[in-house]
There are 2 protein chains.
Amino acid sequence: MPVDGRRGEELSRLPAAPGPGPGPSRPTSADVARHAGVSRATVSHVLNGTDHPVSEQTRQRVLAAARDLQYAPNASARALRAGRSNIVLVPMLRSATVPGADRFLESLDRELAARDLVLLMHGDRTTSGVRGAQAWAELRPAAVYVNVSRGTPAAVELLRRAGVQAVLLTGAPRVDYAPTVPLDPAAVARLATRHLLARGCRRLACLVPSGPLAELPTQRYEAVMEVAAADGVPVERVDCELSSDSIAPVVDRWRDPAQRPDAVYTNSDPFAILLIDKLRAAGIEVPRDIAVVGSGDHPLGAALRPAITTATFDVPAIARVVASSIRRLLDGADLDPGLEAALRPHLIVRESG
Amino acid sequence: MPVDGRRGEELSRLPAAPGPGPGPSRPTSADVARHAGVSRATVSHVLNGTDHPVSEQTRQRVLAAARDLQYAPNASARALRAGRSNIVLVPMLRSATVPGADRFLESLDRELAARDLVLLMHGDRTTSGVRGAQAWAELRPAAVYVNVSRGTPAAVELLRRAGVQAVLLTGAPRVDYAPTVPLDPAAVARLATRHLLARGCRRLACLVPSGPLAELPTQRYEAVMEVAAADGVPVERVDCELSSDSIAPVVDRWRDPAQRPDAVYTNSDPFAILLIDKLRAAGIEVPRDIAVVGSGDHPLGAALRPAITTATFDVPAIARVVASSIRRLLDGADLDPGLEAALRPHLIVRESG
DNA sequence: CTGTTAGCGCATTCAC
DNA sequence: GTGAATGCGCTAACAG
């Protein structure tokens with residue numbers, strides 16, 4: 001399955017190498033057949049459990065031969081013949097963008113495995129659109145699950161034309177050119193904001209991590225703005241990084257109660273933890289002086305004091321409906337009806353706000 | 001590339017489906033050839049940049065046709081014919097075991113891409129040995145990079161017989177049946193311990209996270225023990241989890257100076273952060289009363305006060321030598337000579353110890 | 001009922 | 001510049 005290595009070239013190319021040289025043993029179904037004294041067709045029937053009748057005796061002989069030779073069918077040949085695979089390809093997410101990414105992939109693998117599908121992650125985190133689709137299509141996966149921002153209409157069309165049976169997109173703007181898991185990463189920000197407003201907060205601030213991964217934090221900031229604006233509550237935007245130097249000047253300004261918001265939404269729990277540490281050092285108490293709400297439910301958030309109030313998604317539940325939806329798509333059905341429900345964020349109210 | 005979905009069965013099976021049905025368009029190299037008015041051989045030569053001479057004019061015609069049809073070569077057919085691919089397969093690591101896992105994979109992808117290789121992660125995190133090798137072999141990758149604990153001798157043999165050109169193992173006990181990246185995850189623990197001893201600490205404790213992922217922490221605990229024992233320094237083993245309830249009783253006991261170690265190694269920075277929080281709440285000051293050293297260089301560790309002293313690996317450097325070694329192995333050379341040097345852990349001395 | 005023969009799928013590459 | 005063989009496994013059609 002050669003796939004394009006260098007990004008940004010016409011098409012892939014195989015590294016120079018000695019052609020289909022026989023190599024060592026590399027057992028094929030023909031070897032198994034020879035070993036068992038039957039034809040390749042019989043081997044195939046036995047190993048695949050087709051409905052074709054085979055005597056128990058030959059069956060055992062074939063199985064034994066396969067075991068002896070440690071035969072592993074060549075997925076390439078198989079996929080080529082079948083014109084389809086049971087691979088679900090997920091281009092790797094831009095790291096740290098989504099806090100629970102790793103947990104999600106772990107759950108997703110379990111759920112897919114239970115549905116006879118294999119999860120494969122493509123290491124490239126940046127290539128998108130047609131160029132990305134090109135790389136993904138080469139593997140001829142049964143399904144591709146990718147963010148809308150990378151799954152452009154042209155990309156989706158290319159994948160479909162390449163024979164990918166199910167292209168499932170995920171992300172905020174629901175699109176019409178492919179089934180979409182309408183997971184809005186900003187939903188946690190909205191939920192957190194509504195919570196703070198309901199608690200009577202009237203002056204908000206929002207920490208916005210800067211850097212190359214700022215897309216999501218910015219979306220969340222806008223969501224906070226929007227919800228707060230509906231109540232006529234102002235939101236101070238605080239651009240920062242996860243470092244002491246970055247937070248210090250802000251906290252310093254907030255020493256003055258007149259300059260101080262009464263609540264802060266921080267985009268991720270580590271930022272909340274950092275902020276609270278700096279506030280404490282400045283003599284500002286959480287939640288008495290300022291309420292702080294994060295998101296992502298980081299384990300440290302629950303363990304430290306004050307424990308972080310956080311808005312988060314139910315990661316395993318989302319993995320389940322995504323896997324189920326992919327399976328259904330492959331079987332010609334619609335998305336899992338439980339999708340919307342599983343995507344609703346929830347709030348874990350602890351001590352910080 | 002159908003791969004076994006259910007774990008623990010004889011061999012894989014394709015989900016029932018309508019055979020190699022023609023499907024929609026699914027452009028093949030034959031389509032491109034037709035479109036450009038040339039033979040498939042020519043298409044192949046042009047698209048792969050072989051040294052076979054092709055007139056500039058036809059070259060352009062072929063490229064244009066490929067673009068028009070959004071042609072993506074079928075990786076299965078290609079691999080089948082070529083008997084080799086440019087895929088490097090990495091079975092996904094048991095999550096959170098290695099703190100920098102995600103960073104590592106990101107760097108590794110970049111380094112591999114620069115060497116014309118594509119990184120693919122296999123979603124299954126648990127299957128190992130022959131069973132795992134079976135699943136990995138089906139993809140016929142050019143190389144597999146996996147922990148020694150999963151890459152048993154039988155697994156390595158199976159992979160080799162299946163035509164995987166480079167099997168690179170990683171992990172502590174260097175083995176002789178396959179090239180190994182002797183990355184010892186316990187090395188950071190040794191380094192941290194030596195640092196604490198050099199600072200005059202004479203009574204150590206070691207936090208050992210429990211749970212299903214306890215293998216690594218236990219190895220590290222043993223490393224701490226070993227180094228400390230050489231100096232006649234005792235080590236208290238503290239089994240715990242990353243939660244308030246888990247740490248509280250320990251800290252409570254340490255309120256009594258007579259019961260208290262003078263330094264703690266915590267296996268990961270989040271544990272150090274948690275511990276310091278609880279110690280502070282108990283009126284025990286770090287590093288005055290107890291020194292604390294973590295590992296993994298978590299960003300929060302640098303940002304909080306006291307900043308966490310941590311022992312860590314140079315993740316991007318390791319990714320570089322691993323990628324380089326894989327490339328060299330594929331080219332018939334030996335491991336990158338810079339390997340050992342890149343694997344050395346280093347200490348970031350900050351405030352906590 | 002049991003097993004076999006034969007052709008296909010797609011891209012690569014040798015030889016004319 | 002092209003024809004044709006090739007790699008590996010699946011499966012429809014067929015023969016005992």
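Proteins come first, then strands; the chains are lettered A, B, ... in the order of their sequence lines, and each starts at number 1.
In the set dT11(D), dC1(C), dT13(C), dT13(C) carries the atom at the smallest distance from any side-chain atom of Ala41(B). For Ser39(A), whose side chain is taken as the heavy atoms from C-beta onward, the closest listed nucleotide among dT4(C), dT13(C), dG3(C) is dT4(C). In this structure, the nucleotide among dA11(C), dT2(D), dT4(C) sitting nearest to the side chain of Thr28(B) is dA11(C).
For the pair Glu138(B) CD and dC8(D) C1', the computed distance is 13 Å after rounding to whole Å. If you take CZ of Arg40(B) and C1' of dT12(C), they are 9 Å apart, rounded to a whole angstrom. Distance CG (Leu80(B)) to C1' (dT6(D)): 9 Å, rounded to an integer number of Å. Between Asp51(A) atom CG and dT11(D) atom C1' the separation is 11 Å, expressed in whole Å. Between the CG atom of Leu47(B) and the P atom of dC10(C) there is a distance of 16 Å, rounded to whole Å. The distance between atom CG of Asn86(B) and atom P of dT12(C), rounded to the nearest whole Å, is 12 Å. Note: CG (Asn48(B)) to P (dC14(C)) measures 13 Å, nearest angstrom. Between Arg34(B) atom CZ and dT2(D) atom P the separation is 14 Å, expressed in whole Å.
The base of dG9(C) does not come close enough to the side chain of Arg81(A) for any donor and acceptor atom to sit less than 3.5 Å apart. For His45(A) against dG3(C), no side-chain N or O and base N or O form a donor-acceptor pair under 3.5 Å.
Contact between the side-chain N/O atoms of Ser55(A) and the OP1/OP2 oxygens of dG3(C) is found at a separation under 4.0 Å. OP1 or OP2 of dG1(D) lies within a sub-4.0 Å distance of a side-chain N or O belonging to Thr58(B). The phosphate of dG7(D) has neither OP1 nor OP2 within less than 4.0 Å of any side-chain N or O from Asn74(A). Contact between the side-chain N/O atoms of Arg78(B) and the OP1/OP2 oxygens of dC10(C) is not found at any separation under 4.0 Å.
The aromatic rings of His52(A) and His45(A) sit parallel, their planes meeting at an angle under 30°, below the 60° perpendicular limit.
Side-chain contact of Thr50(B) with Asn48(B): a donor-acceptor pair under 3.5 Å is absent, judged by distance alone.
If you find the closest nucleotide of DNA chain D to Ala30(A) and to His52(A), the one lying nearer the 5' end belongs to Ala30(A). When the nearest nucleotides of DNA chain C are assigned to Thr42(B) and Ala77(B) by heavy-atom distance, the more 5′-ward of the two goes with Ala77(B).
Using a 4.0 Å heavy-atom cutoff across all strands shown, Val38(B) reaches sugar-phosphate atoms only and no base atom.
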Between side-chain atoms of residues 150-158 of chain B and protein atoms elsewhere (two or more places apart, or another chain), which donor-acceptor pairs fall under 3.5 Å?
residue, atom, partner, partner atom, Å
Arg150(B), NH1, Thr127(B), O, 2.7
Arg150(B), NH2, Met92(B), O, 2.6
Thr152(B), OG1, Ala155(B), N, 3.2

Check against side chain to side chain contact (heavy atoms under 4.5 Å, CB included), His35(A) and Leu69(A)
CA-CA 9 Å; His35(A) 206 78; Leu69(A) 299 172; 4.0 Å; yes
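Residues passing the side-chain hydrogen bond (donor to acceptor under 3.5 Å, both in side chains) test with Ser107(A): none are found, sequence neighbours excluded.
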